[in-house]
Asker: 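Structure in C-alpha cells, see below.
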There are 2 protein chains.
Amino acid sequence: MAAKRRPTLADVAREVGVSAKTVSRVLNEDGPASAATREQVLAAVAKLGFQPNLMARNIRVGGPDTTVGLVVPDLSNPFFGAVASGIEDAVRERGLTLLMGSSADDPARERALTDKFLGRRISILMVVPSVGADHAPLKGHRSGGLPVVFLDRPGTGLATDSVVSSNREGSHEGVTHLIAHGHRRIGFVGDLPTKLYTRRERLAGYRSGLQEADIPYDRSLVVSAHDQEGAAAATSGLLDLADPPTALFAGNNIMALGIVAELARSKRKDVAVVAFDDVSLAEVLEPALTVVAQDPEEIGRSAAATALARLDGDRSRARTVTVPTRLIVRGSGELPVPKR
Amino acid sequence: MAAKRRPTLADVAREVGVSAKTVSRVLNEDGPASAATREQVLAAVAKLGFQPNLMARNIRVGGPDTTVGLVVPDLSNPFFGAVASGIEDAVRERGLTLLMGSSADDPARERALTDKFLGRRISILMVVPSVGADHAPLKGHRSGGLPVVFLDRPGTGLATDSVVSSNREGSHEGVTHLIAHGHRRIGFVGDLPTKLYTRRERLAGYRSGLQEADIPYDRSLVVSAHDQEGAAAATSGLLDLADPPTALFAGNNIMALGIVAELARSKRKDVAVVAFDDVSLAEVLEPALTVVAQDPEEIGRSAAATALARLDGDRSRARTVTVPTRLIVRGSGELPVPKR
DNA sequence: TTGTATGCGTTATCAG
DNA sequence: CTGATAACGCATACAA
C-alpha cells in the first residue's frame, strides 16, 4: 500500500457534513461555533488524524512563520549548543521556536540552509558565518524587516547586528597572565583555517600581549590544527623545538582538549597553559586549567534580545555587541618557568 | 517604513514584462527559456531580492519537504549534538537537511515541535521522547508513510523503529567490572526523573550486576540528581554515609562530571568510578575515567539508515536497533578497595 | 519559446 | 451560527 494522501480540511468537513470553513473555525477558535458541530469536528479530526498544513495556512495568512532559524558550523561542538540554549530560552517567551541546522562551515551549505529558512518565511535569522560566505544576498531581507544577527563571527557584505566575544581583549589578558608568571616563550595553538575571524582576533590579542611586554613575535611558536588530535600533534611539535615554549595558549576549546591530552600523554606537568573558552572538567585537571571563559549562553541571549527588539520596530543602526570574556585562574596558567 | 511585502513571482514577471510561468521556468530550470529572457529574469530577481516562497511551492507540488526533523531534550548536551551529527552526515547524501529543535524534555513542547514539523510535511521525524509523552497521535503519520524513529529512548503508544544504546548490558558490564576489582559497596548516581527509560535500564543493569555477584541491593546507595552540581552533592552524601561505597557508578555523562568534580574537590582518589557515557578529557583525569562508552554518532547513523530504508519502501515490522556500548578501561574503574 | 487556465490546502470576505 | 467564493504564491497541463 502506497503512502496515502494526507487528510485535508475538506476531508474532515466531508466526514462531518459541514463546510471546510467551519472546520477551520473550530480548529483556530476563530468565529463562533455551536458546541455540537464543534465536538463532531474534533472527533473527525482525531479519527482521520488530520494535521493542518501549516504551509497552506502560512501562504494564505501571509505573516511570518513563528520560527527562529539558526545556522551553526558544527552541531557537535558544545559551544554552539550552549549558544543555542541561550537563544532558545530568550525567544520561547515570545512564542518563537528555535530550529537549528548545520553549515559544516561550508559557504554553499550555509547558503542552502539560509535559503531554506528564508523560503519558509522565518521570523528571525541567526547565522554563525562560514569562512568565505558572502551575506550580501541577505540585504533585501534585512531591509525588508527580517532581523538578521551574526553570531560569534561578523558577516560579510551586510551591515547588521552581530554578537561576538571579546576575542582580542580576552587573548591579550590570557597571554599577559602567562607573561606575568615569567613566561617569554609562549606557544599559540590555533584552529583552522587561519583566516577564521575568531582565530585571527585571538592571535592578534596574543601578539599584542607579547608586544606590550616587548617579547618578539616568533612565528615558529604559532601552530594550527583542525581537531583535537591535530592539536595534540601540534603541541608535541612545539615541545620538540630546540628552544621550546614554556607556556601554551589554546585558541579554542577543541585546541585546549588536544593540548591537555598531549601534555598528559607525555607527562609534562611543567608547561603552563591558558585556554580560550572553558571546557568541562577544567577545574578537575592537574593542574586545573586556567581559561579565558566565554559566555555562550549570554551570546545567545544577547542575540535574541537584539533580534526581538528589531522585531518590535527598532530601526536604529546595526550594532555589534561584544560579550566580555573572563579570566578564570585555576592553576595551569600560574605555573612558573622551569629552572634549567 | 513598515516591512514591505515580499516580492512574488508575479512581481518579478511584471518587472520583466513576461508571465509568471516564465520566471518560474528559469528559476527551476524547468522548461526551455531563451538566453535573453533568462538574463532579464535573473536580473530582476536580484534587483527585487526575490526569494521563492517554498511553502507555496511545496503546497502545489504536494511532495514532502526535504527536511529531517529532530526533537531532542537539550541542545546543550554534547551527547545529542553527536547524535545529530551522525544523522546529518547520513541524510545529507540523500539531499535531506537536518533541522533540530528542543523539547526541554517537556511533553507539551515536544508535541508542539512535532506538530510544527508535521505541519511542514517533513520527510522524516526523529524524536528523543520526553518523559510522559504520548506518541499515539503520530500513528496516522507513520501508517501514512512517514518514517518515524525514536532515539535513545523508546516512544509510547506507537510501534515504530527505535535506536537505543545497550543500556542494561552496558551497566551490567560496568558494575561487574567494579565487582571484579573487589568492590561490594557500589553507589549509583542516576539522573532524574527516575522513570526515565535510560535511567531505569541502567539501574536495572546495575542491579543485575550486583545480583549476579550475590551482593544485596542497598537502596541507600542509589541517589539521583538533575544536573552536575546535584550529582556532586549526591556524591558527597554517599561518601558521608556511615558505611560508604568504595566505588561509584555514574548513570550518564552529566552525573559523571558531578562525581569527578566532587571527588576532586574532596581530594578522594581512592574511590573507584565507572561512568556510563564517555566525556571529554576522561583519559586525562587522575585516575583516568573508566567508562561504558556509548556511540552517539552511530546511534544517529543507524537511525538515519533505518528511516531512509522506510523512505525507500521498507514496510517490514518496526524494529529496535541496539547500539552496543563498550567498556573502556582507563584506571578509575580498577582502583582496589582501600584497606582499613 | 512562451502564455493561460486551473488547482494545491487554507483562510478572509461577505452573504445567508 | 454557517456556507460559498475568492485569494494567497506557485507549478502543472495544455495550448499557442
Side-chain angles (χ1 to χ4, degrees), chain A residues 3-42 44-45 48-66 115-116 118-122 144, chain B residues 3-42 44-45 48-66 115-116 118-122 140-141 144:
Chain A
K4 359 175 194 185
R5 201 177 53 82
R6 310 173 95 106
T8 74
L9 257 195
D11 294 323
V12 177
R14 202 172 312 116
E15 177 83 13
V16 182
V18 298
S19 80
K21 179 56 194 163
T22 301
V23 178
S24 169
R25 267 196 276 256
V26 173
L27 261 42
N28 298 316
E29 303 183 357
D30 195 22
S34 76
T37 50
R38 163 183 226 80
E39 276 190 44
Q40 285 186 300
V41 167
L42 258 29
V45 165
L48 298 182
F50 168 75
Q51 190 97 25
N53 188 326
L54 294 187
M55 311 206 225
R57 162 177 242 271
N58 225 286
I59 194 187
R60 178 65 245 235
V61 176
D65 184 27
T66 60
D115 279 355
K116 192 154 196 163
L118 294 170
R120 301 274 143 62
R121 303 298 189 256
I122 55 173
Chain B
K4 355 171 196 190
R5 200 178 55 83
R6 309 174 96 105
T8 75
L9 257 194
D11 294 325
V12 178
R14 203 172 310 118
E15 178 82 13
V16 183
V18 297
S19 81
K21 179 54 200 164
T22 303
V23 179
S24 169
R25 267 196 276 257
V26 285
L27 259 42
N28 297 318
E29 302 184 359
D30 194 22
S34 78
T37 50
R38 164 182 223 80
E39 276 190 42
Q40 284 187 302
V41 167
L42 258 28
V45 164
L48 299 182
F50 169 75
Q51 189 97 22
N53 187 327
L54 293 187
M55 311 209 221
R57 162 181 244 271
N58 240 302
I59 194 186
R60 177 66 246 239
V61 174
D65 184 29
T66 60
D115 279 355
K116 191 153 197 161
L118 294 170
R120 298 275 139 63
R121 301 301 187 257
I122 54 173
H141 294 90

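What you see is a predicted model; the values in this text were computed from it and never measured. Reminder, nothing fancy here: chain letters follow the sequence lines and each chain counts from 1. Any value given below was found using the heavy atoms of this structure, including those in side chains, with hydrogens, waters and symmetry copies removed.
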Asker: Using whole Å, report how far CZ of B/Arg25 lies from C1' of D/dG9.
Answerer: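 These atoms are roughly 17 Å apart.
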Asker: State whether B/Thr22 places a side-chain N or O below 4.0 Å from either non-bridging phosphate oxygen (OP1 or OP2) of C/dG3.
Answerer: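 Yes.
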Asker: In terms of the nearest nucleotide of DNA chain C, which residue is placed more toward the 5' end: B/Thr37 or B/Arg60?
Answerer: B/Thr37
Asker: Starting from P on C/dT1, measure out to CD on B/Gln40 and report it in whole angstrom.
Answerer: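 Roughly 16 Å, once rounded to whole Å.
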Asker: OP1 or OP2 of D/dA11 less than 4.0 angstrom from a side-chain nitrogen or oxygen of B/Arg57, does that happen here?
Answerer: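 For D/dA11, OP1 or OP2 has a side-chain N or O of B/Arg57 closer than 4.0 Å.
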Asker: I need the NZ-P distance between A/Lys21 and D/dA6, as an integer number of Å.
Answerer: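 Distance, rounded to whole Å: 16 Å.
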Asker: Can you measure from CZ (B/Arg38) to CG (B/Leu27) and round to the nearest 0.5 angstrom?
Answerer: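 Rounded to the nearest 0.5 Å, the CZ-CG separation comes out at 9.5 Å.
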Asker: OP1 or OP2 of C/dT2 sitting under 4.0 Å from any side-chain N/O of B/Ser34?
Answerer: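 Yes, within the criterion.
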Asker: Counting only side-chain N and O atoms of B/Asn28, is one of them less than 4.0 Å from OP1 or OP2 of D/dA11?
Answerer: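 B/Asn28 to D/dA11 OP1/OP2: side-chain N or O found under 4.0 Å.
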Asker: Can you tell me the distance, in whole Å, between the CG atom of A/Asp11 and the P atom of C/dC8?
Answerer: 11 Å
Asker: Round to a whole Å and report the spacing from CZ of A/Arg6 to C1' of C/dC8.
Answerer: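 Whole-Å distance recorded here is 14 Å.
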Asker: Nearest heavy-atom pair of A/Met55 and B/Arg120: which atoms, and what distance?
Answerer: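 The pair with the smallest heavy-atom distance is CE-O, 2.6 Å.
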Asker: Between B/Arg6 and B/Asn53, is the side chain to side chain donor-acceptor pair (under 3.5 Å) condition met? List the steps.
Answerer: CA-CA 9 Å; B/Arg6 309 174 96 105; B/Asn53 187 327; over 6 Å; no
Asker: Please give, in whole Å, the distance from C/dG7 C1' to B/Ile59 CD1?
Answerer: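 Checked: the CD1 to C1' distance equals 10 Å.
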Asker: Round to a whole Å and report the spacing from CE of A/Met55 to P of C/dG7.
Answerer: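 That distance rounds to 22 Å.
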Asker: Report yes if a side-chain nitrogen or oxygen of A/Thr8 is closer than 4.0 Å to either non-bridging phosphate oxygen (OP1 or OP2) of C/dG9; otherwise report no.
Answerer: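 No, outside the criterion.
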Asker: For a side-chain contact (heavy atoms from CB on, under 4.5 Å) with A/Phe50, tell me which candidate from A/Asp11, A/Val41, A/Leu9 qualifies.
Answerer: A/Leu9
Asker: Would you classify A/Leu9 as touching base, sugar-phosphate or nothing, given that sugar-phosphate means primed atoms plus P, OP1 and OP2, and contacts are heavy atoms under 4.0 Å?
Answerer: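 It contacts base atoms.
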Asker: Below 4.0 angstrom from OP1 or OP2 of D/dC10, is there any side-chain N or O of B/Ser24?
Answerer: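 Negative; the distance criterion is not met.
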Asker: Find the distance B/Leu54:CG to D/dC8:P and express it as a whole number of Å.
Answerer: 19 Å
Asker: Quick one: is B/Ser19 getting a side-chain N or O under 4.0 Å of the C/dT4 phosphate, OP1 or OP2?
Answerer: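 Answer is no, no contact under 4.0 Å.
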Asker: How far apart are the closest heavy atoms of A/Ile122 and A/Pro64, and which atoms are they?
Answerer: O-CB, 4.4 Å
